[in-house]
Amino acid sequence: MSETRRKLTTIFCADVQDYTRLMGADEEGTLASLKRCREAMGRLIESHGGRVINTWGDGLIADFPSVVEAVRAAVDTQNELAGFNARRPADGRMLFRIGINLGDVIVEGDDIYGDGVNIAARLQTSAAAGGIVISSTVYDQVRNKVAVGFEFLGPLMVKNVDEGVPSYAVKIGDARDETPSAERSGSARPQPAPVMAAAKAETTPAPGGRRLYGVLGIVAAVLIGINLMSWQGVFWARFPVLALAVIAALAWNRDQILFNRKITLLAILALGLAGINLFTWTGQFWAVWPILGIAAVMGVRWSMRR
């Protein structure tokens, strides 16, 4: 018999909205789409250090040693599946709901059990199609570490749990169907409006980021102005301006969720080397070799990610 033990872990639970309807309309096509979505989700879960524990019907459960990586995996999953669904008709889209909880669970073999798992499953059912809902224990760990917004949904009632579990919607993607429909304790309250559109969430910089870009732009303009007003035939400001541009790009990459951060970091490095080569031009494009090496690394990382 498998040994039983306990551990603290982050539970990731997902299933498909309207799976029965999709199967009734097109069994073979729905199964093919489910397989493709699960493969993508499995790759992203593993890339963030997680482990797929089980799949059943249209559901999936995984666990992560890191709370932050669990939420990042969920965000990456919903972004990738949004791209997949964008090419499909509205009534044939496969939209997953994801719930994430940090809790103590019972481990038996490769499976996990307990209230921590039940809470994650209940959070999942309260999420909007294509959305993510997390418990307060997860929120406390990730609120300043993941570049997304959060909306408090109130206490969520869970079977065998005396008190309601405070929950938060992660503000990414389109609220493609309804808003969360969890049963709340206390008096009735309006449900939250649909979360922000994916494109806005992925491309709009945070206020702190905008301030940083503004400061860097002003510093660059001042350096260029000083260089021009004290012109002696040398454009010395090009190097500090290039350094400021790289800093701005790194700051943007730290907060963006549209692209893989490690691949984007390599692209920024390649552009920086190209800029140095051009600013020190002596008739030889020496940067072609390190850029070629970086491109090869980017290609390998991308192929492994996909």
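None of the values given here were measured: they were computed from a predicted structure. What's counted below: heavy atoms across the whole structure, side chains too, no hydrogens, waters or symmetry copies.
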**Student:** Go through it in stages, so that I can follow the logic: the residues are Arg51 and Asp63, the test is side chain to side chain contact (heavy atoms under 4.5 Å, CB included), and I'd like the CA-CA distance, side-chain angles, deciding distance and then a yes or no.
**Tutor:** CA-CA 6 Å; Arg51 173 181 67 104; Asp63 73 341; 3.4 Å; yes

**Student:** Between atom CZ of Arg43 and atom CG of Asp76, what is the distance when rounded to the nearest 0.5 Å?
**Tutor:**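 Nearest 0.5 Å value for the CZ-CG distance: 12.5 Å.
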
**Student:** Check the hydrophobic clustering (I, L, V, M, F, W, Y; side-chain heavy atoms under 4.5 Å; chains of links allowed) and say if Val170 and Phe152 are grouped together.
**Tutor:** yes

**Student:** For the atom pair OG1 (Thr10) and NE2 (His48), what is the distance rounded to the nearest 0.5 Å?
**Tutor:**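 Going from the OG1 atom of Thr10 to the NE2 atom of His48 covers 13.5 Å.
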
**Student:** Contact between Leu22 and Arg93 at the side-chain level, heavy atoms closer than 4.5 Å - yes or no?
**Tutor:** no

**Student:** Indicate yes or no: at least one non-hydrogen side-chain atom of Leu123 is less than 4.5 angstrom from one of Cys13.
**Tutor:** no

**Student:** For the CZ atom of Phe84 and the CG atom of Asn79, what is their distance to the nearest 0.5 Å?
**Tutor:**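 Going from CZ on Phe84 over to CG on Asn79, the span is 15.5 Å.
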
**Student:** Look up atom CD1 in Ile134 and atom CG in Asp140, then write down how far apart they are to the nearest 0.5 Å.
**Tutor:** 9.0 Å

**Student:** Nearest 0.5 angstrom please: Ile119 CD1 to Thr137 OG1, how far?
**Tutor:**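 Spacing of CD1 (Ile119) from OG1 (Thr137) equals 7.5 Å.
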
**Student:** Please check: side-chain N/O of Thr30 versus main-chain N/O of Glu27, any donor-acceptor pairing under 3.5 Å?
**Tutor:** no

**Student:** Is Leu81 close to Met94 at the side-chain level, that is, under 4.5 Å between some pair of heavy atoms?
**Tutor:**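 They are not in contact (no side-chain heavy atoms under 4.5 Å apart), so the answer is no.
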
**Student:** Could you tell me which non-hydrogen atom of Ala70 sits nearest to which non-hydrogen atom of Ile100, and how far apart they are?
**Tutor:**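 So the minimum-distance heavy-atom pair works out to O-CD1, 3.8 Å.
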
**Student:** Where is the tightest heavy-atom contact between Gly49 and Pro65, given as atom of each residue plus distance?
**Tutor:** O-CD, 3.3 Å

**Student:** So which atom in Asp91 and which in Arg21 form the shortest heavy-atom distance, rounded to 0.1 Å?
**Tutor:**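 Nearest heavy atoms, Asp91 then Arg21: O-NH1, 3.0 Å.
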
**Student:** Would you say the side chain of Arg97 lies within less than 4.5 Å of the side chain of Asp15, judging by non-hydrogen atoms?
**Tutor:**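 A side-chain contact under 4.5 Å exists here.
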
**Student:** Taking Gly131's backbone N and O only, do any of them form a donor-acceptor pair with Gln78's side chain (distance below 3.5 Å, no angle check)?
**Tutor:**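 At least one qualifying donor-acceptor pair exists.
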
**Student:** Applying a strict under-4.5 Å side-chain criterion to I, L, V, M, F, W and Y, I'd like to know whether Val142 and Leu8 cluster together.
**Tutor:**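 Yes, same cluster.
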
**Student:** Are Leu271 and Leu242 connected, step by step, through hydrophobic side chains (Ile, Leu, Val, Met, Phe, Trp, Tyr) whose heavy atoms are closer than 4.5 Å?
**Tutor:**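 No: no chain of side-chain contacts under 4.5 Å links Leu271 to Leu242.
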
**Student:** Is there a side-chain contact between Glu108 and Thr4 in this structure, where contact means two heavy atoms from C-beta onward sitting under 4.5 Å apart?
**Tutor:**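 Yes, at least one pair of side-chain atoms sits under 4.5 Å.
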
**Student:** Is any NZ, NE, NH1 or NH2 atom of the basic residue among Arg36 and Glu39 found under 4.0 Å from an Asp or Glu carboxylate oxygen of the other?
**Tutor:** no

**Student:** Grab the two heavy atoms, one from Ser47 and one from Leu44, that are nearest each other, plus how far apart they are.
**Tutor:**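 Scanning both residues completely, I find the closest heavy atoms to be OG-O, 2.8 Å.
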
**Student:** At their closest point, which heavy atom of Glu69 faces which heavy atom of Ser66, and how far apart are they?
**Tutor:**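 Closest heavy-atom pair between Glu69 and Ser66: N-OG, 3.1 Å.
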
**Student:** Going by atom types alone, do Thr125 and Arg122 pair a side-chain donor with an acceptor below 3.5 Å?
**Tutor:**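 The answer is yes; a qualifying pair exists.
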
**Student:** Do any N or O atoms from the side chain of Arg38 and from the backbone of Leu60 form a donor-acceptor pair under 3.5 angstrom?
**Tutor:**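 No; zero donor-acceptor contacts below 3.5 Å.
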
**Student:** Go through the steps for Leu156 and Leu153 under the test side chain to side chain contact (heavy atoms under 4.5 Å, CB included), then give the verdict.
**Tutor:** CA-CA 8 Å; Leu156 175 69; Leu153 301 179; over 6 Å; no

**Student:** Taking distance alone, no hydrogens or angles, what donor-acceptor pairs closer than 3.5 Å link side-chain atoms of residues 279-293 to residues at least two apart or in another chain?
**Tutor:**
residue, atom, partner, partner atom, Å
Thr280, OG1, Ile276, O, 2.7

**Student:** Answer yes if Ile247 and Val215 sit in the same cluster of Ile, Leu, Val, Met, Phe, Trp and Tyr residues linked by side chain heavy atoms under 4.5 Å apart, and no otherwise.
**Tutor:** yes

**Student:** I'd like to check Leu269 versus Leu265 (side-chain heavy atoms, cut-off strictly below 4.5 Å). Are they in contact?
**Tutor:** no

**Student:** Does Gly154 offer a backbone N or O that forms a donor-acceptor pair with the side chain of Ser167 under 3.5 Å?
**Tutor:**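 Judged by distance alone, yes, a pair lies under 3.5 Å.
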
**Student:** How far apart are the closest heavy atoms of Ala251 and Tyr213, and which atoms are they?
**Tutor:** C-OH, 3.9 Å

**Student:** With a 4.5 Å cut-off on side-chain heavy-atom distances among I, L, V, M, F, W and Y, is there a chain of contacts connecting Leu278 to Val241?
**Tutor:** no

**Student:** Answer yes or no: is there a donor N or O on one side and an acceptor on the other, between the side chain of Asn227 and the main chain of Val234, under 3.5 Å?
**Tutor:** yes

**Student:** Check whether any side-chain heavy atom of Val71 sits under 4.5 Å from a side-chain heavy atom of Lys145, and report yes or no.
**Tutor:** no

**Student:** Should Met41 and Phe96 be marked as a side chain to side chain contact (heavy atoms under 4.5 Å, CB included) after you check the CA-CA gap, both sets of side-chain angles, and the distance that decides it?
**Tutor:** CA-CA 10 Å; Met41 192 180 300; Phe96 279 79; 3.6 Å; yes

**Student:** Can you tell me if Asp58 uses its side chain to pair, donor with acceptor, with the backbone of Val16 under 3.5 Å?
**Tutor:**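 Between the backbone of Val16 and the side chain of Asp58 there is a qualifying donor-acceptor contact (under 3.5 Å).
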
**Student:** Taking the side chain as every heavy atom from C-beta outward, state whether Leu31 and Glu28 have any pair of such atoms under 4.5 Å apart.
**Tutor:**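 Not touching, per the 4.5 Å side-chain cut-off.
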
**Student:** In terms of the angle between their ring planes, are Phe64 and Phe12 parallel, tilted or perpendicular, with boundaries placed at 30° and 60°?
**Tutor:**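 Phe64 and Phe12: tilted rings.
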
**Student:** Checking one residue: Val105. Which other hydrophobic residues are in its cluster under the side-chain 4.5 Å linking rule?
**Tutor:** Ile11, Ile53, Trp56, Ile61, Val107, Ile112, Val117

**Student:** To the nearest 0.5 Å, tell me how far Leu223 CG sits from Leu244 CG.
**Tutor:**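 Separation between the atoms: 6.5 Å.
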
